[in-house]
Enquirer: 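Below you'll find the structure I mean.
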Amino acid sequence: MDVYALIYDLVRQIPEGYVTTYGAIAKALGDIRASKAVGEVLAMNPTPIIVPCHRVVMSDGSLGGYTHPEGVRKKAELLRREGVEIIGGKVNLKKCFFNDFKLKIRPFEVFRDYQKRISEKIRLEDYDFSAIVGVDLTYNGRYGIAAVVVFDEKGNPEYVRYYSKKTLVPYVPTYLAFREYPIIEEVSRDLRGYLFFLDGHGILHPRKCGYASHVGVELDTPSIGVAKSLLVGNIVIESNNLAKVLIDDEVRGYAIYDKGRASVYVSPGHKITVGSALRETMKVKKYKIPEPTRLAHYYTKLGKEMFKNRKLLPERLLETPL
DNA sequence: GCGACAG
DNA sequence: ATCTTGTCGC
Ligand SMILES: [Mg+2]
């Protein structure tokens, strides 16, 4: 499901002389909270004018931004040329608001349905795992670059895999998995049975289906979510360096504190208990970020350099011993 | 008007 | 996540 392509298609439906809003497009996509992402996608519009992103404005009628050397003045010029009046820096939405979008599917509705089904498959009991894996991604334009660090049974980094692929989904809070999982799927497939450490939440998610859970269920392997900031949940302090994180009175994860401030939030993804997720994380935590994820994040930068230098090509696996 | 939402 | 140079300190 190519959300980028869908957004560009929706914008092409806006007739000359009309405008729509970021929120209206987001609603058409199935979640008003994707409105910010709509703006980010339009900011990278590869074919301005053909895809008339200048016809998308803020919900109060103000113009918003325009990624062009002349900035938003260019947006105003284009709109005026098309017959859209701009008074006091605003368009009159009552006069020229377009909202009659034609689309076959609302991706974020589909995503929510999918998350519901995934969440029913999550097992929160301990399962055996052979060794540990850490995963992270970076981005270069529309390309995601993944680094997968595989540890040996003794806990030493053994090798790193790199992989890059074009993204189809922009980042929208609570839908992270739909952006990142397609990129790591190919390089993670054969690692079933490893304990995955992922850069995002597990069951510490409004629909109990964060990225780490999504990955764990898809690969049918134990997984832990290690996030740098909180998505949802209530903090209940336990001690100097630990707090429980609750979602309606249920312990969904833990916050680990270093010197008075939270360093990471840990929650089980799949095939592990909340307690074991915390213990396994503490075992590999030397610095602020646990080793698996920390190293993956580091290699992600090397991967990006290789990608820029054409040493790492799209949809081509690259593996390096450590 | 303020708060808030992983990466 | 990305943009982006230097600086302070262990
Ligand atoms: Mg990341």
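A note on names: the letters A, B, ... follow the listed sequences, proteins ahead of strands, and every chain is numbered from 1.
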Enquirer: Decide whether a cation-pi geometry holds between A:Lys271 and A:Tyr127; the criteria are a distance under 6.0 Å from NZ or CZ to the six-membered ring centre and an angle within 45° of the ring axis.
Expert: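 Yes, cation above the ring, under 6.0 Å and within 45°.
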
Enquirer: Rounded to whole angstroms, how far apart are CG on A:Leu137 and P on B:dA6?
Expert: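 The answer, rounded to whole Å, is 16 Å.
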
Enquirer: Rounded to the nearest angstrom, tell me the gap between atom NZ in A:Lys36 and atom C1' in B:dA4.
Expert: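 In whole Å, B:dA4 C1' and A:Lys36 NZ are 8 Å from each other.
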
Enquirer: Can you tell me which nucleotide in B:dG7, B:dC5, C:dA1 comes closest to the side chain of A:Leu231?
Expert: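 So the nucleotide nearest the side chain must be B:dC5.
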
Enquirer: Go through the side-chain N and O atoms of A:Arg112 and A:Tyr175 and say whether any donor and acceptor fall under 3.5 Å apart.
Expert: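 Short answer, yes.
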
Enquirer: In whole angstroms, how far is the C1' atom of B:dA6 from the OH atom of A:Tyr139?
Expert: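 For the pair A:Tyr139 OH and B:dA6 C1', the rounded distance is 12 Å.
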
Enquirer: Distance check needed: C:dT2 P versus A:Glu180 CD, whole Å only.
Expert: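 These atoms are roughly 10 Å apart.
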
Enquirer: Whole Å only: how far is the OH atom of A:Tyr254 from the P atom of B:dA6?
Expert: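 Atom-to-atom, A:Tyr254 to B:dA6, this comes out as 23 Å.
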
Enquirer: Could you tell me the separation between the CZ atom of A:Phe129 and the OG atom of A:Ser223, rounded to the nearest 0.5 Å?
Expert: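 Rounded to the nearest 0.5 Å, the CZ-OG separation comes out at 11.5 Å.
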
Enquirer: What is the distance, rounded to the nearest whole Å, between atom OH of A:Tyr265 and atom C1' of B:dG7?
Expert: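 Checked: the OH to C1' distance equals 15 Å.
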
Enquirer: Below 4.0 angstrom from OP1 or OP2 of C:dT2, is there any side-chain N or O of A:Lys304?
Expert: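 Answer yes for this pair, as a side-chain N or O of A:Lys304 is under 4.0 Å from OP1 or OP2.
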
Enquirer: It should be established whether A:Thr138 places a side-chain nitrogen or oxygen under 4.0 Å from OP1 or OP2 of nucleotide C:dT2.
Expert: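 Yes, because at least one side-chain N or O of A:Thr138 sits under 4.0 Å from OP1 or OP2 of C:dT2.
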
Enquirer: Between A:Phe178 and A:His214, how do the two ring planes meet: parallel, tilted or perpendicular, split at 30° and 60°?
Expert: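 Plane angle over 60°, so perpendicular.
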
Enquirer: B:dA6, B:dG7, C:dA1: which one has an atom nearest the side-chain heavy atoms of A:His297?
Expert: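 Of B:dA6, B:dG7, C:dA1, C:dA1 is nearest to the side chain of A:His297.
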
Enquirer: With respect to the phosphate group of B:dC5, does any side-chain polar atom (N or O) of A:Ser229 fall under 4.0 Å of OP1 or OP2?
Expert: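 Negative; the distance criterion is not met.
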
Enquirer: What integer distance in Å separates A:Lys288:NZ from C:dC10:P?
Expert: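 Result: 20 Å.
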
Enquirer: A:Leu230 CG to B:dC5 P: how many Å, rounded?
Expert: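 Computing the A:Leu230:CG to B:dC5:P distance gives 7 Å.
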
Enquirer: Determine: side-chain N/O of A:Lys228 to OP1/OP2 of B:dG7, distance under 4.0 Å, yes or no.
Expert: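 Checking B:dG7 against A:Lys228, a side-chain N or O does come within under 4.0 Å of OP1 or OP2.
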
Enquirer: Over all heavy atoms of both residues, which pair between A:Ala28 and A:Leu103 is shortest? Give the atoms and the distance, please.
Expert: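 Closest heavy-atom pair between A:Ala28 and A:Leu103: O-CD1, 3.2 Å.
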
